[in-house]
Protein chains: 4
Amino acid sequence: MTPAPPETRQGGRVRSEAARLAILEATASEFAARGYEHLTIEGIAAAAGVGKQTIYRWWRSKGDLVAEAVLEDRLLGERFHIPDTGDLRSDLESWLGAVFDMLAGPQGEGLLRSLIAAAADNADIGLRLRERIAGEGVAGGADDAASAESAEPSVTDRLRSAVTAGELPTRAPVAEIAELLVGAVILRALSRTGGDREAVARLVAAVVD
Amino acid sequence: MTPAPPETRQGGRVRSEAARLAILEATASEFAARGYEHLTIEGIAAAAGVGKQTIYRWWRSKGDLVAEAVLEDRLLGERFHIPDTGDLRSDLESWLGAVFDMLAGPQGEGLLRSLIAAAADNADIGLRLRERIAGEGVAGGADDAASAESAEPSVTDRLRSAVTAGELPTRAPVAEIAELLVGAVILRALSRTGGDREAVARLVAAVVD
Amino acid sequence: MTPAPPETRQGGRVRSEAARLAILEATASEFAARGYEHLTIEGIAAAAGVGKQTIYRWWRSKGDLVAEAVLEDRLLGERFHIPDTGDLRSDLESWLGAVFDMLAGPQGEGLLRSLIAAAADNADIGLRLRERIAGEGVAGGADDAASAESAEPSVTDRLRSAVTAGELPTRAPVAEIAELLVGAVILRALSRTGGDREAVARLVAAVVD
Amino acid sequence: MTPAPPETRQGGRVRSEAARLAILEATASEFAARGYEHLTIEGIAAAAGVGKQTIYRWWRSKGDLVAEAVLEDRLLGERFHIPDTGDLRSDLESWLGAVFDMLAGPQGEGLLRSLIAAAADNADIGLRLRERIAGEGVAGGADDAASAESAEPSVTDRLRSAVTAGELPTRAPVAEIAELLVGAVILRALSRTGGDREAVARLVAAVVD
DNA sequence: GTGTAACCGAGACGGTACGTCCTGTCTTAGG
DNA sequence: CCTAAGACAGGACGTACCGTCTCGGTTACAC
């Protein structure tokens, strides 16, 4: 497969990778420290040791910048672990409990809400947010092939294996079940409603009979 | 001896209801016009013909102000209609389809995302957002009694009647089913994923078997 | 005499005289320190402990600001002394020599050139610059009456007294003589041409026969 | 004393005359269009179709660049015509009137003030400005020999011929008279004071009897 | 011929300052 | 004592240029 022909550039200094990385690094750390609302381009530029114009040259808005940081796994890098004990219900409860525990913790408190605010600005962030929690994006792509083979299985992977194992009917709407659970997580994050053991059990029961 | 006799002493001007209403009105229209992010106190004050201090005297933040506007039903005033044909599945599909149609429309496009951004700031907005769509808040209160008697039934009402009618098992987690569906709506709003007929059917199928 | 009717102001905080003075003070000191070209609004605001908007609210440009500082005698406050020995020629030579000595000095070096640059921007500065050196503005006003009575006579005053004393013909163009001499000072400031004793003598000779 | 041997330059492209001319051309037209204050190196480079570095390689500052453009007669190219009718006074009045007319015109309005601002930055510009108007620099040099023979006589030339013709005394300070008149022009340009016929007459009268 | 060194256009870089907008506080005059 | 008006210190916005630093590409002299 031949690579795409290079853009017709006539001279000019090339983009500094060091600056790009420093900016994304700074964006991630400022985001974690202050949240999306109180994130400032000036603060990021200062933290990255970069001129403001270098940011505006490559990103059109705060939202685009955060989106790229999220896409590069600088925020929300890890998926949540889901076990595979053979009992789908208890596995989902473990996973959902872990997610709610993270939300209840000091770090997760604002982080998810900030990501939600960012997603309200920028579509890419919304898509990625969903993918990171559920383990599957809207449209399958090269990344999904890679993630399907990764050591750490996602909720969606677990649901698919449940179909194979006969725990769920063959035509069960796997992607939608994951979507509903992630949606519930987001809704509870927005309303600051924690999830105790009973709530988790009821949510899981609602989607897996 | 003070010159002012007690009886002529002014007790102080009372809060102007006209100003309060104008501010909430202006908040709602500015919110609809510009979204939560680009809402400004100065803009609201100017649109309401009011001094900034009058806003700061009674509300502590932009979030509080929007929350009160939402709570007074100036935004998101109507619940979404859900029919009762005796077939829960098709009734839920009708309702969910109507919600997604609203989101796809020009008005709903940004409105829900702005409300989500507002909810990320302010817990009350998140709770109210959930209640407005699903028809039930987290904790039952006086309002629920009123809404139960209102002419327009909510999704939660419909689910409860399904339990009574035997369409759902007696111990079905009604509130959580509504929560999951509302969460899915919010997640799709964030990721700009529309809901076609098949997607709606699958989401409903996932929660009502 | 009744005062002019007050502007129809309805409420609003009144302009802070402290801020106004601090700004003019800072303008003068920054001007002296850096010159007109390298004067910055941000620098003035910082030095005055004032927000930038407070400057932009009352002055439209750097030129206007410097103009007001000059008009308030914060720069170029003193006129140059001219003696009255009865010999006009030697008196003018004393005065002109003093002006050139000032220019040759460390302070005067850049100050006049900066004022010239400022005057190229702003008409008021040009007028005031002329008045400060020559002792007379273009159009006589209330200020001139005051200055005519001031203890320190200006070049123009000295020329007028020369007319009275018969040193100059009755119809001698007094204002124009002063103008020519001030113009020569400015021209030499621009071309960094100092004025030695002979040059001073020749300039004076050219205007007083 | 032998000068240091020239560096052994081996190879290397020679300076592009086309680029040099395009830069000076662009400098002149941008200067005329925007004035000295709003002249930018980037604007000149773009207008000349040249990289910024090509400018910085050969000129140290905006002032140097403008100075060279002025020295090459790209600005202020023509001297002002002075007739020789045998009547010095009326000849000077013609000349001075023409200069003031130029200043009053749309082109001259800002041009001289911009040159003055440039001169405040750069000594060469000040010297050249004086020479261009009066027809003589401070120190006689090779250029003066050339100008003395040029077809168009300068004010200084006219004054010198007046000495020869006996209109002025032998020891009249010719250079200083020109200097005073040029200075008055600059002063009036700075203070936006036009010169009507009477003012011109009085200025001339002040220096020639 | 062929290096090679200095030039060229282009344009990204770290910065500084611009002039605007908005924040939350304060100070007026007036009901 | 509330209200409309609006000035205040502060801070961030997004833009324009500064002067420097690469880039790939082009001469033109020295070998």
Original post:
So what does B:Trp58 touch, heavy atoms closer than 4.0 Å: a base, only the sugar-phosphate, or nothing?
Top reply: sugar-phosphate
To the nearest angstrom, how far is [X] atom [atom1] from [N] atom [atom2]?
X: D:Glu37; N: E:dC18; atom1: CD; atom2: P; answer: 12 Å
X: A:Lys62; N: F:dA12; atom1: NZ; atom2: P; answer: 11 Å
X: B:Asp64; N: E:dT23; atom1: CG; atom2: C1'; answer: 16 Å
X: B:Arg20; N: F:dT3; atom1: CZ; atom2: C1'; answer: 16 Å
X: C:Leu65; N: E:dC18; atom1: CG; atom2: P; answer: 11 Å
X: C:Glu17; N: E:dT27; atom1: CD; atom2: C1'; answer: 16 Å
X: B:His38; N: F:dA12; atom1: NE2; atom2: P; answer: 17 Å
X: C:Ile41; N: F:dG11; atom1: CD1; atom2: P; answer: 19 Å

Original post:
Of B:Ser61 and A:Arg15, whose closest DNA chain E nucleotide lies nearer the 5' terminus?
Top reply: A:Arg15
**OP:** Give a yes/no on whether any side-chain N or O of A:Arg13 is located under 4.0 angstrom from OP1 or OP2 of F:dT22.
**Re:** yes
With no hydrogens and no angle check, is any side-chain donor or acceptor of [X] less than 3.5 Å from a backbone partner on [Y]?
X: C:Arg74; Y: C:Ala69; answer: no
X: C:Thr27; Y: C:Val66; answer: no
X: D:Lys62; Y: D:Tyr36; answer: yes
X: B:Arg34; Y: B:Ala32; answer: no

**OP:** Scan residues 42-57 of chain C against DNA chain E and write down, sorted by residue number, each residue with any heavy atom closer than 4.0 Å; if none is found, say none.
**Re:** C:Glu42, C:Lys52, C:Gln53, C:Tyr56
Subject >> Residue mapping more 5' on DNA chain F - nearest nucleotide basis, C:Ser16 or C:Gly11 >> reply: C:Gly11
Original post:
Which comes earlier along DNA chain F counting from the 5' end, the contact point of A:Val14 or that of D:Arg60, where each point is its nearest nucleotide?
Top reply: D:Arg60
Subject >> Heavy-atom pair with the smallest gap, counting every atom of B:Glu30 and B:Ala47 >> reply: OE2-CB, 4.0 Å
Subject >> Smallest separation among heavy atoms of C:Ala19 and C:Thr54, with atom names >> reply: CB-CG2, 4.4 Å
Original post:
Salt bridge check: are C:Glu68 and C:Arg20 linked by an N-O gap of less than 4.0 Å?
Top reply: yes
